[in-house]
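Side-chain atoms are counted along with the backbone in the values below, which use heavy atoms only and exclude waters and symmetry mates.
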Amino acid sequence: MKYVVNFLKGLIITIVVICISFYMVTQLFNTTEREEPVVIDDRPSVEEFIGEIAEIARDLGADNDLYASVMIAQAILESEHGQSGLGSAPNYNLFGMKGSYQNNSVTLETTEDDGSGNLSTIMAAFRKYPSYEESMQDYVKLMRNGVSWNKDFYAGVYRSNTNAYTDATKFLTGSYATDSKYSEKLNTLIANYDLQQYDSPVKDKKTITVTDGDSLMKIAEVYNVKVTSIKQWNQLRSDRLEAGQQLNIYHY
């Protein structure tokens, strides 16, 4: 009888061990199955995009009585900071300009606002450019030359005809874009990314070398500039810095 009891105890223990082992192995495989692949976002940051076009905008704005800040904000908004199908290669259309450029165009789906917030989707032909610079030059040409029936159609955005960039963004709402909240969106971008700096000439530029322990926040405090500006000037995709890295610092 004692032998039978010991045998049953041993059998029970063996069964329990097997069950626990099976459960652990099952959990291991289930965990492996649940693991999701690591996705690395290699798209340019908004600051990186701004850094790519900002100096072009500054020069074009200064030469044509326009706000570079407004131009950059429009480019960010219209092209999803260069990431939309229209704004990215091979189209490079930063401002959603319709028609053709040197007989080159692309037809895409677009959303229209009737001015009251009601949206509809249509197919339209948009201009296709060889680079961002041509897109920006063409935008300036439109602002300065107006439309076929009124060459002064966009005179309301000129710096000489306004008191601040907010006057220009207000004018563009309803004249350039049908989005009833267009000026609000542009003003937010200009404020968030300190785009007004590009409406003035550069007074001072220096190059610094990152040392151990430096961070964007620390450097911004030392030189009395904004983190977003440092990222723009140096076309940085992230906040990560490395010792020995060189950064450009501007003052206006």
Side-chain angles (χ1 to χ4, degrees), residues 43-101 104-106 108 110-111 113 124 126-145 154 156-159 162 164-179 181-200 226 228-229 231-237 250:
R43 294 175 300 175
S45 64
V46 178
E47 285 93 350
E48 192 174 3
F49 171 73
I50 294 171
E52 188 173 355
I53 68 170
E55 293 309 314
I56 300 173
R58 189 204 305 277
D59 291 341
L60 288 173
D63 293 342
N64 294 279
D65 194 26
L66 297 172
Y67 290 98
S69 57
V70 175
M71 194 185 313
I72 297 169
Q74 281 189 273
I76 296 171
L77 181 60
E78 296 282 354
S79 74
E80 297 174 21
H81 69 281
Q83 298 305 294
S84 69
L86 184 60
S88 58
N91 301 316
Y92 297 108
N93 188 329
L94 293 179
F95 302 95
M97 292 179 65
K98 296 177 180 176
S100 65
Y101 177 79
N104 292 313
S105 65
V106 59
L108 296 172
T110 183
T111 300
D113 186 323
F126 294 88
R127 303 180 190 186
K128 184 176 181 179
Y129 301 97
S131 74
Y132 287 153
E133 186 166 2
E134 281 84 358
S135 177
M136 298 172 76
Q137 291 170 346
D138 200 32
Y139 164 87
V140 169
K141 183 179 179 181
L142 174 66
M143 293 296 107
R144 294 303 311 180
N145 296 340
Y154 288 109
V157 303
Y158 301 166
R159 296 186 66 163
T162 56
Y165 73 82
T166 51
D167 295 331
T169 58
K170 182 178 180 180
F171 178 85
L172 289 168
T173 305
S175 61
Y176 186 89
T178 57
D179 185 348
K181 295 184 178 180
Y182 199 63
S183 61
E184 180 182 334
K185 293 175 182 178
L186 294 179
N187 294 341
T188 297
L189 287 169
I190 292 170
N192 288 350
Y193 293 101
D194 193 28
L195 299 182
Q196 270 193 281
Q197 63 183 298
Y198 300 109
D199 291 328
S200 303
K226 296 184 178 181
T228 184
S229 295
K231 294 178 72 173
Q232 293 168 34
W233 301 331
N234 298 279
Q235 296 186 40
L236 301 180
R237 189 163 298 190
Y250 296 82

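Counting heavy atoms from C-beta on, the side chains of Y92 and S79 never come closer than 4.5 Å. Contact of the Q197 side chain with the Q232 side chain is registered, since non-hydrogen atoms from C-beta on lie closer than 4.5 Å. Proximity of M71 to V140: side-chain heavy atoms (C-beta onward) are separated by under 4.5 Å at one or more points. Contact check for V157 versus V70: no side-chain heavy atoms found under the 4.5 Å cut-off.
Going from atom OG1 of T228 over to atom CG of D194 covers 7.5 Å, rounded to the nearest 0.5 Å. A distance of 11.5 Å separates OG1 of T166 from CG of L186, quoted to the nearest 0.5 Å.
The ring pair (Phe, Tyr, Trp, His ring centres under 6.0 Å) analysis of residues 51-74, with sequence neighbours excluded, yields no pairs.
The side chain to side chain donor-acceptor pair (under 3.5 Å) test applied to D138 returns R127, Y129, not counting sequence neighbours. With sequence neighbours left out, D59 forms a side chain to side chain donor-acceptor pair (under 3.5 Å) with no residue at all. Listed by chain and number, the residues in a side chain to side chain contact (heavy atoms under 4.5 Å, CB included) with N234 are I230, L236, L247, N248 (sequence neighbours excluded). Considering only residues two or more places apart in sequence or on other chains, S69 meets the side chain to side chain donor-acceptor pair (under 3.5 Å) condition with D199. Remark: F49 engages Y132 in a ring pair (Phe, Tyr, Trp, His ring centres under 6.0 Å) (not counting sequence neighbours). Every residue meeting the salt bridge (Lys or Arg N to Asp or Glu O under 4.0 Å) condition with E55, not counting sequence neighbours, appears here in chain and number order: R58. For Y158, the side chain to side chain contact (heavy atoms under 4.5 Å, CB included) criterion is met by D65, L66, R144, A155, S160, N161, not counting sequence neighbours. A search for side chain to side chain contact (heavy atoms under 4.5 Å, CB included) contacts involving I56 returns L60, E133, M136, not counting sequence neighbours. With sequence neighbours excluded, the residues satisfying side chain to side chain donor-acceptor pair (under 3.5 Å) with Q74 are Y139, Y182. For K185, the salt bridge (Lys or Arg N to Asp or Glu O under 4.0 Å) test picks out D179, with sequence neighbours left out. Judged as a side chain to side chain contact (heavy atoms under 4.5 Å, CB included), and not counting sequence neighbours, the contacts of S200 are Y252.
For the 3.5 Å distance criterion, the side chains of E184 and T188 fail to qualify, holding no donor opposite an acceptor. Side-chain contact of T169 with N187: a donor-acceptor pair under 3.5 Å is present, judged by distance alone.
Checking side-chain atoms of S175 against main-chain N and O of F171 turns up a donor-acceptor pair under 3.5 Å. No donor-acceptor pair under 3.5 Å is formed between the side chain of T162 and the backbone N or O of A168.
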